[in-house]
Number of protein chains: 2
Amino acid sequence: MYENKYLTIYHDLAGKIRQGYWKPYDKLPSENELVKRYRTSRETIRKALNLLSEHGYIQKMKGKGSLVLDVGKYDFPVSGLVSFKELAQNMKQPVKTIVNELEVIKPDPDLKRYLHATSKDEIWKVIRSREIEGERIILDKDFFYKKYVPTLTREICEDSIYEYLEKQLKLKISFAKKEMTVEKVNDEDRKYLDLNGYDHIVVVKNFVYLDDATLFQYTESRHRLDKFRFVDFARRK
Amino acid sequence: MYENKYLTIYHDLAGKIRQGYWKPYDKLPSENELVKRYRTSRETIRKALNLLSEHGYIQKMKGKGSLVLDVGKYDFPVSGLVSFKELAQNMKQPVKTIVNELEVIKPDPDLKRYLHATSKDEIWKVIRSREIEGERIILDKDFFYKKYVPTLTREICEDSIYEYLEKQLKLKISFAKKEMTVEKVNDEDRKYLDLNGYDHIVVVKNFVYLDDATLFQYTESRHRLDKFRFVDFARRK
DNA sequence: CAGTGGTCTAGACCACGAC
DNA sequence: TCGTGGTCTAGACCACTGC
């Protein structure tokens, strides 16, 4: 067993819903029925069902049962941390990453504020363009502490930095604060993007924290207006 | 008692964190300690702590304890359904709602698609401008089935439609799908907003569902580029 | 080693919906 | 009335952290 019991059950049920074993507006078997089928306790079943609910697979109704929803498949983040490579897998278009800059710097005032860094800290600076269908439409600027990431190569940056950090370095990324605004384009945008005449750009700022709640990375993702799309599933309170 | 035990404990702890009883990077009492203090079981304490974690108040660490975070206060949606009135309370500026249109219509093709409506359905159409500091910067377009909402007045629209629906009509709004994009401004935007020369606009489309998973409302919120801001707290997977 | 949080259990009582 | 999901309990075992 690689997973918990409740995660196993969650993935099993989620898979069956995605594959159409239960269709939208079908009712799931009752909790007591699932207890029997999976030979487990009710609280464990309920953990799995709550995950399904949070992720938009089902709607639970007291006294009635759990209804299967037709959401649950998205082509863009469900309001979570999603790296470019994960995104690209969901896009049917050819996708390319261009590493424009890769160096170790001392933080400037802005960066000091963003990363709570001091003049002595060494910071990796990575600037990459994301090309889709021959146009560079996203500019990703990454800054993170060198003390956590001793080495970083062009090849890693062309692949997925997140995969390297999590799978190779075993850094545990736990949460992020995100802020989305629209700004005027600057010289850097003009240099590294095919702006197509747009003079504004969607800016997504990300503050990424590790497992022990230390701020580790600041990321700025700049999207051309016409190619920007953000999808979200939200439960009321 | 108005609430559950675990919600009571959650609100109690969240309040104490917000008021600084525990400061960022303090450790919360252990789960076993909280069990004693609140005279309850550990699973109930854990439900409360998991809520705190989801809402960005704490970071739990296996074998160590729960760390208090300095996030948890936001001035814009935490990636949830937030009505204008709730937003306005967090803004220190004078805020006004102008009801531009309020009528019952038959759905046009676009609306039929969005609301899964038929030609026979009657739909409330509400168009409102949101004015902050003397400028109309948000255009809210609301469409919902008349069968759920028999009466609707200008006064209600100037106040908060959500409050009316939930508190007066007891409709239970349970979840929403949200999509954010940027579009070119149209004549309606020009008519009802002070665009200040901007020729693009941030469009937030909202599909709102009731407790029984029926689609009830379609909302489009159009924000002037320079005034748009969206903040989000996200946990990794 | 003791203390922490993560998982799991078997049972209980409740509020709600449908018949 | 019965079946449903929502809450709560007391106890168990585990994995991880720190000393």
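Chain letters run A, B, ... following the sequence lines, proteins first and then strands; every chain starts at 1.
In this structure, A:G63 and A:R39 both approach DNA chain C, and ranking their closest nucleotides by distance from the 5' end singles out A:R39. Nearest-nucleotide mapping onto DNA chain C: of A:K47 and A:K62, the residue sitting toward the 5' end is A:K47.
Nearest to the side-chain atoms of B:E43 among the listed nucleotides D:dT4, D:dC16, C:dT9 stands C:dT9. Distances were taken from every side-chain heavy atom of A:T40 (C-beta onward) to each of C:dC8, D:dT9, C:dG6; the shortest belongs to C:dC8. Here the side chain of B:T44 is nearest to one of D:dC8, D:dG5, C:dG5, namely D:dC8.
Side-chain N/O atoms of B:S41 include none lying less than 4.0 angstrom from OP1 or OP2 on D:dC8. In this model, the phosphate group of D:dT7 is not approached by any side-chain N or O of B:K5 to a distance below 4.0 Å at OP1 or OP2. Regarding contacts with the backbone of D:dG6, a side-chain N or O of A:K60 is found under 4.0 angstrom from either OP1 or OP2. When the side-chain nitrogen and oxygen atoms of A:Y6 are compared with OP1 and OP2 of C:dC8, none of them lie within a distance under 4.0 Å.
Here D:dG18 presents its P atom at 10 Å from CG of A:D212, a figure rounded to the nearest Å. We find that CD of B:E31 is positioned 17 Å from P of D:dG11, with the value rounded to whole Å. If you take CD1 of B:I45 and P of D:dT7, they are 15 Å apart, rounded to a whole angstrom. With rounding to whole Å, B:K172 atom NZ is found 6 Å from C:dG17 atom P. A straight line from CZ of B:R42 to P of C:dG5 spans 7 Å, rounded to a whole angstrom. Distance, A:L7 CG to D:dC14 C1': 16 Å, rounded to whole Å. Here the P atom of nucleotide D:dT7 and the CZ atom of B:R46 are 16 Å apart, to the nearest Å. A straight line from CD1 of A:I58 to P of D:dG6 spans 9 Å, rounded to a whole angstrom.
At least one donor-acceptor pair under 3.5 Å links the side chain of B:D108 to the backbone N or O of B:D110.
How far CD1 of B:I138 is from NE2 of B:H223: 5.0 Å, rounded to the nearest 0.5 Å.
At a threshold of 4.5 Å between non-hydrogen side-chain atoms, the residues B:L49 and B:L52 count as touching.
Screening B:W124, B:F216, B:Y164 against B:Y148 for a ring pair (Phe, Tyr, Trp, His ring centres under 6.0 Å) leaves a single residue, B:F216.
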(message) Please determine whether side chain to side chain contact (heavy atoms under 4.5 Å, CB included) holds for the pair B:F207 and B:Y218, giving the CA-CA distance in whole Å, both sets of side-chain angles, and the decisive distance to 0.1 Å.
(response) CA-CA 5 Å; B:F207 300 86; B:Y218 170 72; 3.6 Å; yes
